[in-house]
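Below you'll find the structure, written out as structure tokens, and then a few comments.
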Protein chains: 2
Amino acid sequence: MAVGSLVPMFAALGDDTRWQILTALGEGEASASALAERLPVTRQAIAKHLAVLAEVGVVEPIRVGREVRYRVIGSQLSATAKRLDALGAEWDRRLTAIKEIAEGL
Amino acid sequence: MAVGSLVPMFAALGDDTRWQILTALGEGEASASALAERLPVTRQAIAKHLAVLAEVGVVEPIRVGREVRYRVIGSQLSATAKRLDALGAEWDRRLTAIKEIAEGL
DNA sequence: AGGATCTGCAATCCAATGGTTGCAGATACT
DNA sequence: AGTATCTGCAACCATTGGATTGCAGATCCT
């Protein structure tokens, strides 16, 4: 299985502030400004984070007049999870096979 | 669900070289020196990567005489996948509920 | 039109990190 | 014993990246 696009996804998910953003978005769509009011970082910092989250497709921008709201795409997380699960199973399968060969079975 | 320990895991998985290492380890246990022979980075760089991978528990060191071999723990990846999948489902559930409320259903 | 608010871009700063080289300690081989 | 090999520690460098401030453009409201 190709690892490929998984890496940027994990890199995006490997930051605490971004999870705070995702968690906040779990309560409904919100703009960068709105998020900045309840998170301990600047609007611009949040904007950057939203950009990387959008880049990997885990969040989606929705223009509403002059503001841009974001919403989480849960299915993207689930899809990533499926791929990761497959990789984990694959590793166990191969290593078990190798072990059996090594033990002469 | 607590996100907690997921973040360091994703941070660990969010690096290309580390996936090269994991992939190489998929063909069997190997030491840092052995890995350095087939990857385009130094042994010490690999050693550092193995340290962070071991820190999050996706890899396990096995001392064999004077060398230290590492093996992938596939089940850790699967476990992470399960948690991520649960989060994805949770988000979709909540956002669907919010949407229904907003539509007055 | 004028004010308030939201977004976007750019420059800047500092810490974290991926990578390197060099050296010392430990273990194996002959 | 002596040599070769493997690990581990430390210093160091360059780049990335999270975060900030400042300013300009766009949109809404009265």
Side-chain angles (χ1 to χ4, degrees), chain A residues 3-25 27-72 102, chain B residues 3-25 27-73:
Chain A
V3 173
S5 61
L6 273 179
V7 181
M9 172 65 90
F10 288 134
L13 296 181
D15 180 89
D16 195 59
T17 304
R18 284 199 274 271
W19 277 102
Q20 289 184 245
I21 292 175
L22 288 175
T23 302
L25 288 181
E27 297 174 14
E29 303 173 0
S31 67
S33 297
L35 290 169
E37 286 176 2
R38 47 152 114 179
L39 295 187
V41 283
T42 319
R43 171 183 68 84
Q44 288 83 344
I46 291 178
K48 286 185 186 178
H49 286 305
L50 287 170
V52 336
L53 289 174
E55 180 73 20
V56 298
V58 74
V59 125
E60 188 183 41
I62 302 169
R63 180 126 222 161
V64 179
R66 76 179 150 181
E67 72 180 46
V68 179
R69 305 213 182 120
Y70 288 82
R71 76 165 226 266
V72 180
Chain B
V3 173
S5 61
L6 271 179
V7 181
M9 172 65 91
F10 288 135
L13 296 181
D15 180 89
D16 196 58
T17 304
R18 284 198 275 270
W19 276 102
Q20 289 184 244
I21 292 175
L22 288 176
T23 303
L25 288 182
E27 298 173 14
E29 303 173 0
S31 66
S33 297
L35 290 170
E37 287 176 1
R38 47 151 114 180
L39 294 187
V41 284
T42 318
R43 172 183 66 86
Q44 288 84 342
I46 291 178
K48 285 186 187 178
H49 285 306
L50 286 170
V52 336
L53 289 173
E55 180 72 21
V56 298
V58 75
V59 125
E60 189 184 42
I62 302 170
R63 181 126 221 158
V64 179
R66 76 180 153 181
E67 72 179 44
V68 179
R69 303 209 184 123
Y70 288 82
R71 75 165 228 266
V72 180
I73 314 244

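In what follows, every heavy atom counts, from backbone to side chain, and hydrogens, waters and symmetry copies are set aside. Throughout, a chain's letter reflects where its sequence line sits, starting with A, and its residues are numbered from 1.
- One can place CZ of Arg43(B) at 10 Å from C1' of dC9(D), the figure rounded to the nearest angstrom.
- When each of dT7(C), dT20(C), dC6(D) is scored by its nearest atom to the side-chain atoms of Ser33(B), the top-ranked nucleotide is dC6(D).
- Not one N or O on the side chain of Arg71(A) forms a donor-acceptor pair closer than 3.5 Å with the backbone of Gly28(A).
- As a whole-Å value, the separation of Asp16(A) CG from dG18(D) P is 12 Å.
- Here the CG atom belonging to Leu13(A) is positioned 10.0 Å from the CG atom belonging to Leu13(B), to the nearest 0.5 angstrom.
- As rounded to whole Å, 12 Å separates atom P of dG17(D) from atom NE2 of His49(A).
- As a whole-Å value, the separation of Tyr70(A) OH from dG8(C) P is 6 Å.
- For Val41(A), the listed nucleotide lying nearest its side chain is dT20(D); candidates were dT20(D), dT21(C), dT7(D).
- Remark: Ser31(A) OG to Arg69(A) CZ distance equals 7.5 Å, nearest 0.5 Å.
- Atom CG of Asp15(A) sits about 8.0 Å away from atom CD1 of Ile21(A), to the nearest 0.5 Å.
- Closest to the side chain of Thr42(A), from the set dG19(C), dT7(D), dT20(D), is dT20(D).
- Annotation: of the two residues near DNA chain D, Gly65(A) and Val52(A), the 5′-most nearest-nucleotide partner is Val52(A).
- One atom, CZ of Arg69(A), and another, C1' of dC28(D), lie 13 Å apart when rounded to the nearest Å.
- As judged by a 4.0 angstrom heavy-atom cut-off over every strand, Arg18(B) is placed among residues touching the sugar-phosphate backbone only.
- Summarising the geometry, the separation between CD1 on Ile46(B) and C1' on dG8(D) is reported as 15 Å, rounded to the nearest angstrom.
- Sparse packing is recorded around CD of Glu55(A), with 12 or fewer heavy atoms of other residues, nucleotides or ligands lying under 6.0 Å away.
- The side chain of Arg66(A) sits closest to dT5(C) out of dT5(C), dC23(C), dG19(C).
- Here the side chain of Val68(A) is nearest to one of dT21(C), dG18(D), dG8(C), namely dG8(C).
- Here dG8(D) is the nucleotide among dT21(D), dG8(D), dC6(D) with the atom lying nearest to any side-chain atom of Arg63(B).
- On a pure distance criterion of 3.5 Å, no polar donor-acceptor pair joins the side chain of Lys48(A) and the base of dG17(D).
- Rounded to a whole Å, the CD atom of Gln44(A) is 9 Å from the C1' atom of dG22(D).
- Between Thr17(B) and dG19(C) there is a side-chain polar atom (N or O) within less than 4.0 angstrom of OP1 or OP2.
- Atom pair Leu35(B):CG and dG19(C):P shows a separation of 14 Å (rounding to whole Å applied).
- In this structure, Asp15(B) and Val64(B) both approach DNA chain C, and ranking their closest nucleotides by distance from the 5' end singles out Asp15(B).
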